[in-house]
Colleague: 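Structure incoming, see below.
Here the structure is a predicted model, which is why all the values come from computation and not from measurement. Letters go in sequence order (proteins before strands), and every chain restarts at 1.
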2 protein chains.
Amino acid sequence: MSNNRVSYQEVLENFKALLRSNNLKYTKQRELILEIIYENRGHFTPEDIYNLIKMSYPDIRLGIATVYRTLGLLEDAHIVSSISFGAQGKKYEFGLDDHHDHLVCLKCGGIEEFFDETIEKQQERIAQAHNFKMTKHIMKIMGICSACQGK
Amino acid sequence: MSNNRVSYQEVLENFKALLRSNNLKYTKQRELILEIIYENRGHFTPEDIYNLIKMSYPDIRLGIATVYRTLGLLEDAHIVSSISFGAQGKKYEFGLDDHHDHLVCLKCGGIEEFFDETIEKQQERIAQAHNFKMTKHIMKIMGICSACQGK
DNA sequence: GTTAGTGCAAATCGTTTGCACGGTT
DNA sequence: AACCGTGCAAACGATTTGCACTAAC
């Protein structure tokens with residue numbers, strides 16, 4: 001599902017251009033956050049990302065607030081997308097919000113992704129029928145994943 | 001969508017029986033919370049419910065914690081169901097979780113409900129294809145409702 | 001040198017919890 | 001009388017914010 005075709009160089013250049021055109025500054029922290037989420041494909045909490053960077057780059061000064069601020073930036077720019085877990089916070093993943101959905105395991109917390117054309121089409125039909133201008137949709141199927149069913 | 005066929009008397013008796021069979025006590029607070037959410041059909045935050053009760057019954061002692069505790073109870077018993085809005089909390093509505101989904105307006109915060117057989121079926125197919133034991137699913141279509149599109 | 005970004009700690013917000021008191025059974 | 005439920009206030013956990021300092025431009 002993730003967009004593996006885009007090289008990190010390309011992603012980084014895009015990000016730099018975006019920063020430039022918004023009078024924002026290019027900092028080591030911002031680069032590292034993007035790099036970490038690009039390299040370690042998967043779904044991470046802001047704290048996960050903070051810890052990964054602290055581990056990989058012990059000498060870089062970094063506060064959790066910067067991680068939150070940068071993730072907001074990256075999400076607005078559609079470079080990363082997030083999935084919400086209510087009071088338990090959000091998880092972020094690299095990639096544009098290409099309308100894929102999630103299977104969430106209630107036992108292990110693991111996340112599988114899927115894309116289903118039938119559902120996408122039907123959502124558009126429903127929105128139309130309600131005269132609703134859809135900008136986003138969320139679908140989560142929760143249950144027990146195959147790996148956890150044996151336990 | 002809501003189950004208007006069930007009378008309040010019936011609902012209340014069910015709730016009382018449930019409490020009895022779990023060695024829980026029947027209190028004025030618990031009754032009022034159920035009553036308020038039954039009477040005012042719609043989607044309410046715990047705070048909404050707290051305020052509604054405070055307004056309608058100024059002489060009843062009530063703490064917000066009791067509202068949270070009772071809503072948890074009612075949700076476990078499938079008497080009410082909730083929809084989550086991330087860090088912004090949950091909204092509760094009367095009625096069993098009969099697998100209906102929501103259209104959420106990003107402008108006015110309003111919620112419309114819908115039920116779609118095609119989507120329900122497709123979700124089951126997807127879960128099966130991933131060997132996933134589905135226990136619950138969430139679907140939210142977000143955008144601008146018809147009323148807000150003029151503004 | 002100007003402006004934006006940072007870490008830190010304090011603040012926020014929805015929710016939960018410990019506890020002594022009060023109500024239900 | 002026994003036990004559960006309650007309100008209150010403090011605790012919580014994820015996130016945001018005010019601020020003085022630092023780094024990018």
Colleague: Verify ring pair (Phe, Tyr, Trp, His ring centres under 6.0 Å) between Phe44(B) and Tyr92(B), making sure each step is shown before the conclusion.
Modeller: CA-CA 5 Å; Phe44(B) 302 105; Tyr92(B) 290 83; over 10 Å; no
Colleague: Reading nucleotides 15-25 of chain C 5' to 3', which nucleotides get B (base under 4.0 Å from a protein heavy atom), which S (sugar-phosphate only), which -?
Modeller: BBBB----BBS
Colleague: Rounded to the nearest angstrom, tell me the gap between atom CG in Asp48(B) and atom P in dC13(C).
Modeller: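 Those two atoms, CG and P, are 16 Å apart.
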Colleague: How about Glu113(B) and His130(A): does a side-chain donor come under 3.5 Å of a side-chain acceptor?
Modeller: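 Checked: Glu113(B)/His130(A) side chains show no N/O donor-acceptor pair below 3.5 Å.
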Colleague: If I take atom CZ in residue Arg30(A) and atom C1' in nucleotide dT22(D), what distance separates them, rounded to the nearest angstrom?
Modeller: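 Result: 14 Å.
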Colleague: Taking CD from Glu31(B) and C1' from dT6(D), how many angstroms apart are they, rounded to a whole number?
Modeller: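 After rounding, the reported distance stands at 16 Å.
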Colleague: Rounded to the Å, how far apart are Arg20(A) CZ and dA4(C) C1'?
Modeller: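 Answer to the nearest Å: 16 Å.
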Colleague: Using a 6.0 Å cut-off, check whether atom NZ of Lys133(B) has over 12 heavy atoms from anything other than its own residue.
Modeller: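 No, not enclosed.
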Colleague: Using whole Å, report how far CG of Asp59(A) lies from C1' of dT6(C).
Modeller: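 Rounding to the nearest Å, CG of Asp59(A) and C1' of dT6(C) are 17 Å apart.
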Colleague: Return the value, rounded to whole Å, for the distance between atom CG of Asn22(A) and atom P of dA4(C).
Modeller: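 So the two atoms are 12 Å apart, to the nearest Å.
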Colleague: Verify whether one side chain among Glu112(B) and His102(B) offers a donor that lies under 3.5 Å from an acceptor in the other.
Modeller: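 No, no side-chain donor-acceptor contact under 3.5 Å.
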Colleague: What pairs meet the side-chain hydrogen bond (donor to acceptor under 3.5 Å, both in side chains) rule with one or both residues in residues 46-62 of chain B, with sequence neighbours excluded?
Modeller: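 Matches after skipping sequence neighbours: Glu35(B)-Tyr57(B), Thr45(B)-Asp48(B).
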Colleague: Rounded to whole Å, please give me the gap between NZ in Lys91(A) and C1' in dG13(D).
Modeller: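 Whole-Å distance recorded here is 16 Å.
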Colleague: Whole Å only: how far is the CG atom of Leu62(A) from the P atom of dA9(C)?
Modeller: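 One finds 14 Å between P of dA9(C) and CG of Leu62(A), rounded.
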Colleague: Can you give the donor-acceptor pairs under 3.5 Å from side chains of residues 116-124 of chain B to other protein atoms, not counting sequence neighbours?
Modeller:
residue	atom	partner	partner atom	Å
Asp116(B)	OD1	Gln122(A)	NE2	3.3
Asp116(B)	OD1	Thr118(B)	N	3.1
Asp116(B)	OD1	Ile119(B)	N	2.9
Asp116(B)	OD2	Gln122(A)	NE2	2.9
Glu120(B)	OE1	His99(B)	ND1	2.9
Glu120(B)	OE1	His137(B)	NE2	3.2
Gln122(B)	OE1	Arg125(B)	NH1	2.1
Gln122(B)	NE2	Asp116(A)	OD1	3.3
Gln122(B)	NE2	Asp116(A)	OD2	2.9
Gln123(B)	OE1	His137(B)	ND1	3.2
Gln123(B)	OE1	His137(B)	NE2	3.2
Gln123(B)	NE2	His137(B)	ND1	3.3

